[in-house]
Amino acid sequence: MRVRPLLGTTAGAALLLLAGATAAPATASAAAPYETVTVDAVGRITADGTVTLSGTYRCRSAVGPVFVSSSVSQGVSTTRYGIGGTRAVCDGVKHRWVNTGRPTPGVLAPGAAHVEATLMELRTFSGLPLPSFHAVHGRDISLTRR
């Protein structure tokens, strides 16, 4: 067995792992309490299926653009529906976010739902925009008819 190709492959893999480690997203626990996102207990749904979700966020600083995204699911379904996105300001102050979207008509209804909100920054690594997560929060809510 030749050792040189094996060493080259091992060195290449190590470099990729090191590059990935520097691009790893920030964890919410490492950044707390300045990196937070919350979800309000009540969301709204209109007769045409438009959903409005809201909450708060706080982030201290960012290099790239930051967004608050949200998704919702209902019942035992593992399908999550993206509900809009809001541009975030990372200045260390608590801000409100509100996202509105309309998934496929008829897939969501008033009642219990689960929402996940994510505070995510797009950072450039080697010329590519990659996500860096500041905070994530999931919560059971009630979707009410507006």
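We count residues from 1, following the sequence as given.
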| field | Any donor-acceptor N or O pair under 3.5 Å, side chains T52, R44 | value | no
| request: Using the rule that two of Ile, Leu, Val, Met, Phe, Trp, Tyr join whenever any of their side-chain heavy atoms come within less than 4.5 Å, decide whether V68 and Y81 are in one cluster. | output: yes
| remark: In short, salt bridge (charged side-chain N to carboxylate O under 4.0 Å, His left out) pairs touching residues 97-113 with sequence neighbours left out are D48-R102
| query | Does a side chain donor of either H137 or E116 reach within less than 3.5 Å of an acceptor in the other side chain? | reply | no
| message | Before you tell me yes or no, could you show the steps for V42 and I141 under side chain to side chain contact (heavy atoms under 4.5 Å, CB included), namely the whole-Å CA-CA distance, both residues' side-chain angles and the distance that decides it to 0.1 Å? | response | CA-CA 5 Å; V42 177; I141 70 157; over 6 Å; no
| request: First locate atom CG of L108, then atom CD1 of I83, and finally report the distance between them rounded to the nearest 0.5 Å. | output: 6.5 Å
| query | If you round to the nearest 0.5 Å, how far is NE2 of H95 from OH of Y57? | reply | 4.5 Å
| remark: Looking only at heavy atoms, the pair that brings W97 and V37 closest together is NE1-CG2, 3.8 Å
| Trace of the side chain to side chain contact (heavy atoms under 4.5 Å, CB included) decision for L53 with D40 | CA-CA 7 Å; L53 303 171; D40 290 342; over 6 Å; no
| task | Give the minimum heavy-atom separation between A47 and R145, together with the two atoms involved. | result | CA-NH1, 3.2 Å
| request: Find out if a path of hydrophobic residues (ILVMFWY) with successive side-chain heavy-atom gaps under 4.5 Å connects V107 to L143. | output: yes
| task | Over all heavy atoms of both residues, which pair between Q74 and A113 is shortest? Give the atoms and the distance, please. | result | CG-CB, 3.7 Å
| query | Do L119 and V98 sit in the same hydrophobic cluster, where Ile, Leu, Val, Met, Phe, Trp and Tyr count as joined when their side-chain heavy atoms come under 4.5 Å apart? | reply | no
| said: Do V39 and M120 land in one hydrophobic cluster if side-chain heavy atoms of ILVMFWY residues count as linked below 4.5 Å? | reply: no
| Quick one: OG on S73 to CG on D140, what's the gap to the nearest 0.5 Å? | 8.5 Å
| query | Going through the distances and angles, do F133 and T118 end up as a side chain to side chain contact (heavy atoms under 4.5 Å, CB included)? | reply | CA-CA 7 Å; F133 297 94; T118 305; 3.3 Å; yes
| task | Spell out, as yes or no, whether a donor-acceptor pair under 3.5 Å connects the side chain of R58 to the backbone of V93. | result | no
| said: What's the separation between atom CZ in R96 and atom OG1 in T86, rounded to the nearest 0.5 Å? | reply: 10.5 Å
| Checking T124 side chain against L128 main chain: does a donor-acceptor pair fall under 3.5 Å? | no
| Can you name the side-chain contact (heavy atoms from CB on, under 4.5 Å) partners of T38, sequence neighbours left out? | T56
| Minimal non-hydrogen separation, Y34 against R60, with atom names | CE1-NH2, 2.7 Å
| said: Could you report the tightest heavy-atom contact between E35 and C59, atom names first, then the distance? | reply: OE1-CB, 3.4 Å
| Of the non-hydrogen atoms in P110 and I45, which two are nearest, and what is the gap between them? | CG-CG2, 3.9 Å
| task | Apply side chain to side chain contact (heavy atoms under 4.5 Å, CB included) to the pair E121 and H134, showing each step before the final yes or no. | result | CA-CA 7 Å; E121 176 181 359; H134 288 250; 2.6 Å; yes
